[in-house]
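A short write-up of the structure that comes next.
FYI, side chains are in, hydrogens and waters are out, and symmetry mates aren't considered; it's all heavy atoms of this structure. So you know, we letter chains A, B, ... as the sequences are listed, proteins then strands, and number each from 1.
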Number of protein chains: 2
Amino acid sequence: MTGAEHRTLLLVEDDAKLAALLDRLFSGEGYTVDVARDGHSGLHRALTHQYAVMVIDRGLPAIEGVDLVRRLRAKGVTTPTLILTARGTTEDRVEGLDAGAEDYVVKPFEIDELLARLRALLRRHTDSSTRLDLGERHLDVTARRVVGGDVPIELSGRENELLQLFAAHPSQVFTRDELRRLVFQDADSPGAVDTYVYYLRRKLGRDVIRTVHGLGYRMGSA
Amino acid sequence: MTGAEHRTLLLVEDDAKLAALLDRLFSGEGYTVDVARDGHSGLHRALTHQYAVMVIDRGLPAIEGVDLVRRLRAKGVTTPTLILTARGTTEDRVEGLDAGAEDYVVKPFEIDELLARLRALLRRHTDSSTRLDLGERHLDVTARRVVGGDVPIELSGRENELLQLFAAHPSQVFTRDELRRLVFQDADSPGAVDTYVYYLRRKLGRDVIRTVHGLGYRMGSA
DNA sequence: GTCCGCTCTGAGGTTCCTCTGAGATTCGCG
DNA sequence: CGCGAATCTCAGAGGAACCTCAGAGCGGAC
């Protein structure tokens with residue numbers, strides 16, 4: 001276990017009074033709090049920094065909270081997220097969760113409940129870790145990089161997706177067709193699979209992915 | 001036989017009491033149980049870990065059970081899956097199975113029946129796996145390699161086909177003519193059979209295939 | 001707009017697989 | 001034992017599959 005990591009929290013909240021309140025609240029719980037006042041800066045911060053958890057208000061200027069989550073998920077950011085909302089209908093809840101949020105708190109909320117849900121979120125997320133075993137090293141899916149060697153190795157979105165698939169099914173052989181369907185949405189990208197296998201090998205060593213001649217590829221660590 | 005492998009089971013169940021009950025039940029049967037309490041964490045765990053089998057409740061928060069299975073199948077996860085449901089109409093059953101679940105148990109269920117179905121599921125799935133016995137080791141036909149020794153041994157396409165034929169009929173003697181017809185499509189490849197027998201022996205040991213002088217070859221472990 | 005990184009294409013070079021053929025070795029039989 | 005036949009061993013040719021990489025296209029950041 002890595003144990004006592006920095007627990008940095010991103011709060012995206014436009015209401016100044018509520019933002020200040022929550023900031024104090026979360027800080028008091030031991031989080032390092034980063035506040036963004038609208039969807040755009042929230043998006044930017046979330047894309048350029050690493051957070052343990054995000055708390056996002058649904059009613060935001062510029063980009064709506066649910067939309068923000070959706071965009072982040074589309075970008076491969078899987079940081080656990082809690083949405084604050086004034087509305088509490090079933091459709092709202094479904095929409096938020098479908099967008100990729102992990103939890104949903106309706107305003108006005110009990111402070112204790114909010115904190116409890118946040119703890120649960122964090123616990124659940126670190127329990128079901130975003131790490132995939134790669135033998136000596138491991139892939140941090142969320143951060144999109146491979147750590148465990150001398151120096152962490154950053155991956156692009158595609159590289160990350162591809163390696164994630166292999167690492168999740170270490171003994172399975174994937175044909176190029178399967179990989180194209182599962183990783184490259186576009187059915188017409190014949191050489192892309194080979195190229196990305198090449199990229200991963202260049203970054204991580206020739207043995208990360210093995211060729212099964214005439215069939216496809218599979219993970220290196222059997 | 002490979003025998004006592006790790007049989008890890010993923011249970012996705014939101015009801016705490018039922019989850020605890022099933023956890024104990026499955027653990028008692030020798031499974032290593034992993035519990036997810038909602039669809040999202042279930043999805044995440046299933047994508048980042050490997051399970052022998054999954055048991056998923058149909059009525060889940062966040063992502064419904066059937067939907068969860070559908071998403072997993074779309075992602076290329078083929079782990080055999082059993083769905084628990086309160087409803088038992090024909091449409092429900094069809095929907096669940098269409099989504100890619102292998103079996104369907106209606107609550108309230110008999111514990112013994114559930115366990116029996118689970119065993120059947122596991123057995124069916126491993127049976128249909130493409131493994132052929134080779135005595136100490138076994139041939140994984142789909143992965144095209146022999147495992148069970150210190151190090152897995154990769155086979156080429158032809159080597160794989162040839163060994164597959166022998167392993168599927170351990171006591172039968174094959175003439176060179178038969179082998180040529182069955183494994184080598186080109187009828188005019190007189191020496192190829194001998195060469196590939198030689199390749200297999202070089203990779204797997206002299207005894208994998210025995211020569212029957214004047215007749216042909218047969219499997220080593222008669 | 002300009003820059004930069006990501007994605008994918010396509011062409012050339014390389015590796016791997018398949019099968020051939022020839023010499024060395026073993027087998028069976030007198 | 002001695003001989004012919006069957007089998008084993010292995011280097012290498014030909015071709016398919018694969019690897020490598022420069023660069024075009026595109027979209028987002030500033």
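One finds a side-chain N or O of B/Ser156 lying less than 4.0 angstrom from the OP1 or OP2 phosphate oxygen of C/dT18.
For A/Arg210 and D/dC19, the CZ to P distance is 13 Å, given to the nearest whole Å. Taking atom CZ of B/Arg158 as the reference point, atom P of D/dA17 lies 12 Å away to the nearest angstrom. In this structure, the CZ atom of A/Arg45 is 15 Å from the P atom of D/dA29, given to the nearest Å. A/His44 places its NE2 atom 11 Å from the C1' atom of D/dG28, with the value rounded to the nearest Å. Atom NZ of A/Lys203 is separated from atom P of D/dT20 by 15 Å (rounded to the nearest Å). We find that CD1 of A/Ile209 is positioned 12 Å from P of D/dT20, with the value rounded to whole Å. Computed from coordinates, the A/Arg218 CZ to D/dC18 P distance equals 14 Å when rounded to whole Å. Summarising the geometry, the separation between CG on A/Asn160 and C1' on C/dG5 is reported as 16 Å, rounded to the nearest angstrom.
Listed by chain and residue number, B/Arg144 satisfy the side chain to side chain contact (heavy atoms under 4.5 Å, CB included) test with A/His213 (two or more places apart in sequence, or in another chain). Residues meeting the salt bridge (Lys or Arg N to Asp or Glu O under 4.0 Å) test with B/Asp177, sequence neighbours left out: B/Arg180. The side chain to side chain donor-acceptor pair (under 3.5 Å) check on A/Asp133 picks up nothing, with sequence neighbours excluded. Under the rule for a ring-ring contact (aromatic ring centres under 6.0 Å, His included), the partners of A/Phe166 that lie at least two apart in sequence or sit in another chain are A/Phe174. Checked against side chain to side chain contact (heavy atoms under 4.5 Å, CB included), B/Arg201 has the following partners two or more places apart in sequence or in another chain: B/Val197, B/Val208, B/Ile209, B/Thr211, B/Tyr217. Under the side chain to side chain contact (heavy atoms under 4.5 Å, CB included) criterion, B/Gln164 pairs with B/Leu132, B/Leu139, B/Val141, B/Asn160, sequence neighbours left out.
No side-chain donor-acceptor contact under 3.5 Å links A/Thr32 and A/Asp34.
Under the side chain to side chain contact (heavy atoms under 4.5 Å, CB included) rule, B/Thr81 has a single partner from B/Leu10, B/Leu72, B/Val69, which is B/Val69.
For the ring-ring contact (aromatic ring centres under 6.0 Å, His included) condition, the pairs that include at least one residue of residues 188-212 of chain A, sequence neighbours left out, are A/Phe184-A/Tyr196, A/Tyr196-A/Tyr199.
Comparing the local axis fitted to the first five base pairs of the helix from C/dG1-D/dC30 to C/dG30-D/dC1 with the one fitted to its last five gives a bend of 40°, rounded to 10°.
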Where do N or O atoms of nucleotides 5-12 of chain D meet protein N or O atoms at under 3.5 Å, pair by pair?
residue	atom	partner	partner atom	Å
D/dT7	OP1	B/Arg176	NH1	3.3
D/dT7	OP1	B/Gly214	N	3.0
D/dT7	OP2	B/Arg176	NH1	2.9
D/dT7	OP2	B/Arg176	NH2	3.4
D/dT7	O5'	B/Arg176	NH2	3.2
D/dC8	OP1	B/Arg201	NH1	2.7
D/dC8	OP1	B/Arg201	NH2	3.4
D/dC8	OP1	B/Thr211	OG1	2.3
D/dC8	OP2	B/Tyr217	OH	2.6
D/dC10	OP2	B/Tyr198	OH	2.3
D/dC10	N4	B/Thr195	OG1	3.3

